[in-house]
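Worksheet: one structure, shown below.
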Amino acid sequence: MFLFPKLHHQNTAIPDVTNYTVTEAIKALQDAGFVVSDEQREEANENVEEGRVSRTSPAIGSIRKEGTEVIIYRSLGDVKVTIEDYTGK
């Protein structure tokens, strides 16, 4: 009996890792057969606690081949910017 190596990658949905810690998200993505990029990005997100995963690229739920590289976006939390009032000036 001969065993052949896997010649093609299966298509798989990007798992929903929203609100996971970065470490938990990396493990879940790798367990699903994806490669996690060393590059992580940050973004403000009022719905996701600071330090947690807010989204991925490719998007959560999109179908991709196993081995596809995934970028994790880490939430900065609800970032507020205060500007001066220039009304009437």
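Only a predicted model underlies this, so the values are computations on that prediction, with no experimental measurement involved. Numbers here are sequence positions counted from 1.
I14 and Y20 end up in the same hydrophobic cluster when Ile, Leu, Val, Met, Phe, Trp and Tyr side chains are linked at under 4.5 Å. Connection of I60 to I26 is not established within any shared hydrophobic cluster, with ILVMFWY side chains joined at heavy-atom distances below 4.5 Å, either directly or through further cluster members. The cluster map of Ile, Leu, Val, Met, Phe, Trp and Tyr, joined by side-chain heavy atoms under 4.5 Å apart, puts V22 and V70 in the same cluster.
Looking at E43 and S54, their side chains do bring a donor and an acceptor atom within 3.5 Å of each other.
The structure places CG of N45 at 9.0 Å from CZ of R55, a figure rounded to the nearest 0.5 Å. In this structure, CZ on R74 lies 4.0 Å from CD on E42, to the nearest 0.5 angstrom. Note that the CG atom of N11 and the CD atom of E66 stand 8.5 Å from one another [nearest 0.5 Å].
Contact of the V53 side chain with the T18 side chain is not registered, since no non-hydrogen atoms from C-beta on lie closer than 4.5 Å. Proximity of L29 to I72: side-chain heavy atoms (C-beta onward) are separated by under 4.5 Å at one or more points.
Nearest approach of S75 to V48, heavy atoms of both residues: OG-O, 2.7 Å. Nearest approach of V17 to A25, heavy atoms of both residues: CB-CB, 3.8 Å. Considering all non-hydrogen atoms of both residues, E49 and N19 come closest at N-OD1, 4.3 Å. Smallest separation of non-hydrogen atoms from P15 and F34: CD-CE1, 3.9 Å.
Applying the salt bridge (Lys or Arg N to Asp or Glu O under 4.0 Å) test to pairs two or more places apart or on separate chains, none has a residue in residues 12-21.
The residues E39 and R41 are annotated as salt-bridged, a charged nitrogen and a carboxylate oxygen being separated by less than 4.0 angstrom.
Here the side chain of E24 pairs a donor or acceptor atom with the backbone of T21 at under 3.5 angstrom. In terms of modelled atom types and a separation under 3.5 Å, the side chain of S57 and the main chain of I71 share no donor-acceptor contact.
Counting heavy atoms of neighbouring residues, nucleotides and ligands inside a 6.0 Å radius, atom CG of D31 exceeds 12 of them.
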